[in-house]
Amino acid sequence: MSTVGLGIPTPRSMTAAAPSDVPTQGPLRDTFGRVAKDLRVSVTDRCNLRCTYCMPAEGLDWMPNDAVLSADELIRVLTVAVRDLGIERIRFTGGEPLLRRDLEQVIGAVAALPRRPEIAMTTNGLGLTRRIDGLVAAGLDRINISLDTVDRERFAEITRRDRLDDVLAGLAAAARAGLDPVKVNAVIPDRADLDAVPDLLAYCLEHGYELRIIEQMPLDADHAWQRTRMVTGDEILATLRTRFDLLPDPAPRGSAPAATWIVDGHRTSRGPARVGVIASVTRPFCGDCDRTRLTADGSLRNCLFASSETDLRAVLRTLPDDEIDAAIAALWRTDMWQKAPGHEVNAAGFVQPTRPMSAIGG
């Protein structure tokens with residue numbers, strides 16, 4: 001299967017010349033003074049839902065199995081990231097990461113590193129009840145579970161699967177396993193869904209979950225995203241305020257993607273209840289971005305919307321063993337050094353990435 005058919009951009013070669021001013025030691029810096037400490041790792045492009053805003057009903061042409069990094073290859077890359085490049089937080093994503101059978105092995109290896117990073121996962125929750133205890137035992141610290149609505153009929157329409165009960169069971173299992181807070185990620189795919197957003201917040205408040213609502217981004221496989229149809233962060237906040245009093249959150253935001261508000265009159269075991277909005281399109285936070293990304297097939301992306309990638313898989317599979325770690329570190333520093341100032345989604349000449357979200361990692 002060709003990389004063009006998979007929507008994978010041509011990667012930068014492991015032999016490509018690096019700019020002469022790229023740092024050769026220390027953390028992952030770019031030319032704008034940002035330092036990458038947060039790594040998003042896609043462990044598979046496969047998913048067991050078919051969300052309308054992400055992929056077609058028939059699914060996609062998945063990566064061939066031999067194109068995906070093995071557990072040993074993935075662990076080696078993550079070891080370099082933590083030991084040599086200053087990564088402090090790793091989030092495992094997909095596709096759907098629970099479709100990766102050796103995920104506990106990978107998490108356990110990362111948790112055993114001398115400079116142990118914080119380990120998180122974003123999942124749709126299907127099958128989580130069977131694996132949550134093993135994941136936590138392996139070292140999982142935090143979890144985000146995707147849930148766009150608590151209306152059963154609408155859930156089935158959005159995901160093309162009647163699996164709401166499984167997601168809700170996964171949320172409850174994560175809470176029982178001691179992960180706190182359990183965060184809920186929601187996308188509002190249509191303005192007709194806005195009226196139900198307060199119901200979703202009410203459900204999260206009732207169960208002690210922390211809701212994050214995300215503006216839909218131009219990362220769908222069909223390239224059907226339109227700015228005029230997107231539900232904005234301002235619309236989401238205005239709708240929530242029809243039922244809830246939202247107060248400014250005094251906690252510093254830092255590099256977090258979500259701007260958060262205190263939900264007045266509601267508390268959790270951690271203190272005041274919060275709700276967050278991730279307005280990547282209308283209120284981009286690129287200036288504070290501290291992320292770097294690794295795809296399931298071993299490509300580095302210094303931005304969710306990057307138009308080019310750096311191939312690490314070739315390094316892992318072709319170089320002599322004693323040269324691999326240094327090559328990974330050098331390529332990663334070069335990739336980060338070339339990071340653009342922002343994603344340019346709001347620019348006139350913006351071009352949507354060829355990879356869909358399921359092949360990039362959330």
Side-chain angles (χ1 to χ4, degrees), residues 1 5-8 39-75 77-78 90-111 119-140 142-148 155-156 158-171 173-174 177 179 182-185 187 219-221 293-299 301 313 355-362:
M1 189 176 299
L6 288 168
I8 300 174
L39 170 59
R40 301 296 171 105
V41 180
S42 172
V43 295
T44 179
D45 65 325
R46 298 170 187 257
C47 191
N48 42 13
L49 296 180
R50 297 290 182 271
C51 296
T52 55
Y53 53 81
C54 186
M55 66 176 67
E58 64 275 14
L60 298 168
D61 291 330
W62 310 123
M63 296 174 187
N65 288 337
D66 61 356
V68 176
L69 296 187
S70 68
D72 288 343
E73 290 172 330
L74 188 52
I75 290 166
V77 172
L78 299 182
I90 294 178
R91 176 174 294 275
F92 293 99
T93 71
E96 172 44 50
L98 292 180
L99 295 179
R100 179 98 184 209
R101 295 181 179 180
D102 55 11
L103 183 58
E104 289 87 347
Q105 176 189 349
V106 175
I107 289 176
V110 173
I119 302 171
M121 178 176 68
T122 297
T123 171
N124 62 28
L126 301 188
L128 187 59
T129 54
R130 298 188 299 274
R131 295 182 67 179
I132 186 62
D133 290 338
L135 292 164
V136 171
L140 184 67
R142 297 197 298 113
I143 195 165
N144 290 51
I145 298 177
S146 299
L147 177 65
D148 301 331
F155 180 92
I158 293 172
T159 66
R160 301 188 177 102
R161 300 288 188 271
D162 185 12
R163 303 291 299 274
L164 176 61
D165 287 343
D166 296 308
V167 179
L168 300 183
L171 282 162
L179 296 178
V182 173
K183 293 185 179 180
V184 171
N185 287 357
V187 173
L219 292 166
D220 57 308
R293 297 175 179 271
L294 178 70
T295 65
D297 55 349
S299 288
R301 297 178 65 89
R313 188 179 62 197
R355 282 196 198 244
M357 177 65 97
S358 62
I360 296 174

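One-based numbering along the sequence shown.
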query = How far does CD1 of Ile107 sit from CE of Met121, to the nearest 0.5 angstrom?
reply = 6.0 Å
task = Indicate yes or no for a side-chain donor-acceptor contact from Arg46 to the backbone of Gly95 under 3.5 Å, with no hydrogens or angles considered.
result = no
key: Check against side-chain hydrogen bond (donor to acceptor under 3.5 Å, both in side chains), Arg163 and Asn124   = CA-CA 10 Å; Arg163 303 291 299 274; Asn124 62 28; over 6 Å; no
ask   = When rounded to the nearest 0.5 angstrom, what is the spacing between CG in Asp297 and OG in Ser299?
value = 4.5 Å
query = Hey, does Thr122 have a side-chain heavy atom less than 4.5 Å from the side chain of Ile145?
reply = no
message = Which heavy atom of Ala111 sits nearest to which heavy atom of Ala138, and what is that distance?
response = CB-O, 3.4 Å
request  = List the steps and the verdict of side-chain hydrogen bond (donor to acceptor under 3.5 Å, both in side chains) for Ser70 and Asp72.
outcome  = CA-CA 5 Å; Ser70 68; Asp72 288 343; 5.4 Å; no
request  = May I ask you to test the Val68-Thr44 pair for a side-chain heavy-atom distance under 4.5 Å?
outcome  = no
query = Hey, which of Asn185, Val187, Val184, Thr159 is the one that makes side chain to side chain contact (heavy atoms under 4.5 Å, CB included) with Leu147?
reply = Val184
query = Under 3.5 Å, side chain of Arg100 to main-chain N/O of Val43, donor-acceptor pair present?
reply = yes
ask   = If every non-hydrogen atom of Gly170 is compared with every non-hydrogen atom of Thr129, which pair is closest and at what distance?
value = N-CG2, 3.9 Å
task = Go through the steps for Asp166 and Leu128 under the test side-chain contact (heavy atoms from CB on, under 4.5 Å), then give the verdict.
result = CA-CA 8 Å; Asp166 296 308; Leu128 187 59; over 6 Å; no
inquiry  = Side chains of Arg40 and Ile90, heavy atoms from C-beta outward: is any pair under 4.5 Å?
reply    = no
ask   = So, Ser42 side chain and Gly94 main chain: donor-acceptor pair closer than 3.5 Å or not?
value = yes
remark   = In this structure, CD1 of Ile158 is separated from SG of Cys54 (nearest 0.5 Å) by 12.5 Å
request  = Mind checking the OG1-CG spacing from Thr93 to Leu294? Nearest 0.5 Å is all I need.
outcome  = 9.5 Å
message = Counting C-beta onward and ignoring hydrogens, is there a side-chain heavy-atom pair between Leu78 and Leu39 closer than 4.5 Å?
response = yes
ask   = Checking Arg160 side chain against Arg50 main chain: does a donor-acceptor pair fall under 3.5 Å?
value = yes
Close side-chain approach of Leu98 to Arg131, heavy-atom, < 4.5 Å = yes
ask   = Is it true that a side-chain atom of Arg313 and a backbone atom of Ala67 form a donor plus acceptor pair closer than 3.5 Å?
value = yes
query = So Asp162 and Phe155, side-chain contact (heavy atoms from CB on, under 4.5 Å) or not? Walk me through it.
reply = CA-CA 7 Å; Asp162 185 12; Phe155 180 92; 5.7 Å; no
task = State, yes or no, whether a side-chain contact exists between Asp148 and Tyr53 at a heavy-atom distance under 4.5 Å.
result = yes
ask   = Is there side-chain contact between Leu179 and Leu140, with heavy atoms separated by less than 4.5 Å?
value = yes
Contact summary for Cys47 and Met55, nearest pair of heavy atoms = CB-CE, 4.1 Å
ask   = Nearest 0.5 Å, what's the CE-CG distance between Met63 and Asp45?
value = 4.5 Å
query = With a 4.5 Å heavy-atom cut-off, do Phe92 and Thr123 have their side chains touching?
reply = no
ask   = Can you tell me how far the CZ atom of Arg91 sits from the CD1 atom of Ile143, to the nearest 0.5 Å?
value = 9.0 Å
